[in-house]
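The first residue in the sequence is number 1, and the count goes up from there.
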Amino acid sequence: MTVVKTSVRNFLAHKGRMALSAVAVLLSVAFVSGTLVFTDTMNTTFDKLFASTSSDVTVSPKGAAAADEAPSQTGMPESLPASVVGRVEKSPGVKSAEGAVSSMSVTVVDTQNKNVGATSGAPTIAGNWTENDLRSMEITSGHAPRGPTEVMVDADTADKHGLKLGDELRTIVVTGDLRAKIVGIATFKVTNPGATVLYFDTETAQRGLLGETGLFTQINVVADDGVSDARLKADLAGSLGGTYKLQTQKEMADAGRDSVGSFLDVMKYAMLGFAGIAFLVGIFLIVNTFSMLVAQRTREIGLMRAIGSSRRQVNGSVLLEAVLLGIVGSITGVAAGVGLAVGLMELMSSMGMELSTQDLTVKWTTPVIGLALGVVVTVLAAYIPARRAGKISPMAALRDAGTPADGRAGRIRGAIGLILTGGGAAALLASTRAEKASEGSLFLGGGVVLTLIGFVVIGPLLAGFFVRILSTVVLRGFGPVGRMAERNALRNPRRTGATGAALMIGLALVACLSVVGSSMVASATDELDKTVGADFIIQSGTGQPIVPQAQKALEQAPGIAHVTEYKMVEAKLTTPDGKTVSEDLAAADSTYAQDLRRETVAGELSAAYDKDSMSVGDTFAEEHGVKVGDELTVAFKGGESAKLKVAAITSDDVSVDKGAKYTSIETAERYLPAEKVPKNVIMFAAAEDGKEKEAYAALKDSLAAYPQYKVQDQTDFKQDLKDQIGQLLNIVYGLLGLAIIVAVLGVVNTLALSVVERTREIGLLRAIGLSRRQLRRMIRLESVVIALFGALLGLGLGMGWGTAAQKLLALEGLEVLEIPWPTIIGVFVASAFVGLFAALVPAFRAGRMNVLNAIATD
């Protein structure tokens, strides 16, 4: 009980100093809890949606795309004949059955030619209004569509784009444009995560989305009373045989959940990874806090040992303080995590993915995980300082309190740090010389971990060296105040090393990702310059195929020398070694050989576009023993099989179209029914000589009516690539900002505790003439040099990681190394301002000290 009372008393006595460490625990736990609440809420939202939109049993074609697959490149989904509805109705256990039409290969625009479809990655879905839709929606305005000129939209889309009854919409599909006026608005009974939904009458939906009447994409089946979904599915299987795909409501919901599961998992584990980084940085803060508190209480602990306290009791007292810190930080962190989840939901809603707080899901496991993580990490971080406290002897009661535990890093620690750093450097070097990316990645991962740990361990030794260099450049101009700031930073190298290491981790990741991102852009730009000969690239930003009417408009644009079609055809290839593999063939016009310059290792690429000919990549050729002149059996999906002659083998030492197998569009059309021939996924165009500007403007004008497509010249394409990578990096930098915030708190805490530790010294300095202004400047300069030390280590380490990663990725085509010096220099300079900011409160408090009271401090 005495140990408990002592721990609580010490915790409350230093509550101000503990607060900053508690914030580190709070932020880390909040990130973990917020991630769990956010992903659980998204799961709840989608579970409700999928459960409400599925009938008891759904009948669909065998080849129907899964929920997570892209829209069909033919522009039309798989269908089944309407006659199947009658067969289903006659099956035992069926209460009712109705045919449904649904397609995601659509684009919807308003009268201003503005795309009103989903933009957040959610689908735009068009179909017919059915009884099954009443499970998830209700008509809240107008009525269901009754003819070819009428359409109904969901309320979320209407609100977002200001649509109302009577407004006209144009739905762009492969069969042409469907123009209709809004006659109804339907509201979701559950949360709509962001999909745009349109309803037509059945005949219009069939003709427009499937090309003809008498077809459906699925049949919604309702079971008789007392008949389970599983039993109904079994009965239908007996009636229909194995011709169609049958799924119960649960199976449909599971398939839908799987379709968004990969996205949720990536998001979840990425955020948890950043939470782990924040925890790692927080450990340094907690270690520093308890180390300094133990050092300041050396005499007090010595007195406790002198009056009978055992090492175990002293050790337990410090650990109990850590438990209290962990509990306080974790509880507030869990609460903050719920708030963070709500904030993320609002952010996603602003980006187009609607999430409702009514679905907010906080499972009992979330606070348990948050509390356990926070307490365990805090106790582990405090363990070494606690052991150090337990080793304090009773004789310490006779010495001055606050004496630093170690003036310099131990030789053993330095040797271990050098060994780890050297081993990590060797692993990084080995990764750059690996022949396969899979092998090199192991060396890269090991090198990153070892060098990070090595720098942390060797930090105190590095502090003595780098702080002196930085001080010569930064502090010497400030005279005696600058020199005192330097000596204060060097007074306890272990503390300075740990404080700088916390900042080092976040900045190392920033530097590494900056190098990789810049190298990706530079490599892609270099590759485009070398290989892409086309003047213009036309494609959809959402993967939609190019509809025939848009293609026709492109081909009629003036000033164009040629337009190249490019389609992806699914097929199975049987190689000379007898193996059958599923592959995509790139069916293109012969002008594609001009639009994309590909090096061949055998044969002539132009010959691959001859009748019944093709090319393969050299990797595929080597794996399967394929040579020029061999014939491969190609079974086109939905069509016939053919014998295609290998006319060329292309080099796979590229990043654009790596591994592509080319054939002509004429060859693909010869073995595929007309309705199975895919639409173009991308098109290329070349301008007539000297007419590049006119052709560019003409192409844009020709596609003005089709906002889903982008016309880009090579400059646009490069900028788009740069923007995409930049957006991704900005998100990562934002998440890494959490670790940097925790590191800044570490600097604040170190300085605050250091000021308390040096109270008497500060009083003496003030007594002999140091002004308040000079005192505050001294502390700020000390903070700046510590921040710059951490930045120097982090940026140097990160650039090393990034360089090694680029050399490894060069095996995958990332051949250009580019160091983003403006970013690196900007981060380094910004670190000085971080140091200034971190020192504001400690410097202010130091300046307000009463000189006599400070001198009298024991």
Candidates K645, R670, K643 - the one meeting side-chain hydrogen bond (donor to acceptor under 3.5 Å, both in side chains) with D612: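 One option only clears the test, and that one is R670.
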
What's the spacing between [X] [atom1] and [Y] [atom2] if we round to 0.5 Å?
X: Q594; Y: T564; atom1: CD; atom2: OG1; result: 7.5 Å
X: M520; Y: L728; atom1: CE; atom2: CG; result: 8.0 Å
X: Y244; Y: S239; atom1: OH; atom2: OG; result: 12.5 Å
X: L232; Y: Q249; atom1: CG; atom2: CD; result: 11.5 Å
X: L178; Y: I172; atom1: CG; atom2: CD1; result: 10.0 Å
X: S79; Y: Q206; atom1: OG; atom2: CD; result: 9.5 Å

Lys/Arg cation over aromatic F620: K661, 6.0 Å, 45° cone: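 Output yes; distance and angle both within limits.
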
Please say whether more than 12 non-hydrogen atoms of neighbouring residues, nucleotides or ligands are located less than 6.0 Å from [atom1] in [X].
X: E688; atom1: CD; result: yes
X: D689; atom1: CG; result: no
X: K579; atom1: NZ; result: no
X: D653; atom1: CG; result: no
X: E555; atom1: CD; result: yes
X: K700; atom1: NZ; result: yes

Any donor-acceptor pair under 3.5 Å linking the side chain of [X] with the backbone of [Y]?
X: K567; Y: P678; value: yes
X: T667; Y: T663; value: no
X: D713; Y: D535; value: no
X: S613; Y: K611; value: yes
X: E98; Y: E131; value: yes

Compute whether any side-chain donor of one residue and acceptor of the other, for [X] and [Y], lie under 3.5 angstrom apart.
X: T574; Y: T580; result: yes
X: D133; Y: T130; result: yes
X: D716; Y: Q714; result: no
X: T196; Y: T157; result: yes
X: Y706; Y: N113; result: no
X: H562; Y: D589; result: no
X: Q551; Y: E565; result: yes
X: T248; Y: D229; result: no

Under a 4.5 Å cut-off applied to non-hydrogen side-chain atoms, are [X] and [Y] in contact?
X: S60; Y: L246; answer: no
X: R207; Y: T175; answer: no
X: K710; Y: I538; answer: no
X: Y709; Y: Q539; answer: no
X: N132; Y: S55; answer: yes
X: T124; Y: V197; answer: no
X: M683; Y: V563; answer: yes
X: K114; Y: V109; answer: no

Nearest heavy-atom neighbours spanning K62 and K245: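 Answer, listing the atom of K62 first, then K245: O-CE, 4.1 Å.
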
Shortest non-hydrogen contact between D610 and S664, atoms and distance: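 Heavy atoms of D610 and S664 come nearest at O-OG, 4.1 Å.
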
Strictly below 4.0 Å, N to O, side chains only: are [X] and [Y] in salt-bridge contact?
X: K233; Y: D56; answer: no
X: R170; Y: D177; answer: yes
X: E89; Y: R87; answer: no
X: E622; Y: K627; answer: no

Verdict with supporting geometry, T650 and R598, side-chain hydrogen bond (donor to acceptor under 3.5 Å, both in side chains): CA-CA 7 Å; T650 58; R598 287 295 301 272; 3.3 Å; yes

F536-Y696 aromatic ring centre distance below 6.0 Å: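 F536 vs Y696: aromatic centres under 6.0 Å.
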
Residue pair R231, D235: steps toward the salt bridge (Lys or Arg N to Asp or Glu O under 4.0 Å) verdict: CA-CA 6 Å; R231 177 57 188 270; D235 290 340; 3.2 Å; yes

Geometric class of the F684/Y566 ring pair [parallel <30°, tilted 30-60°, perpendicular >60°]: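 Taking F684 first and then Y566, their aromatic rings stand perpendicular (interplane angle over 60°).
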
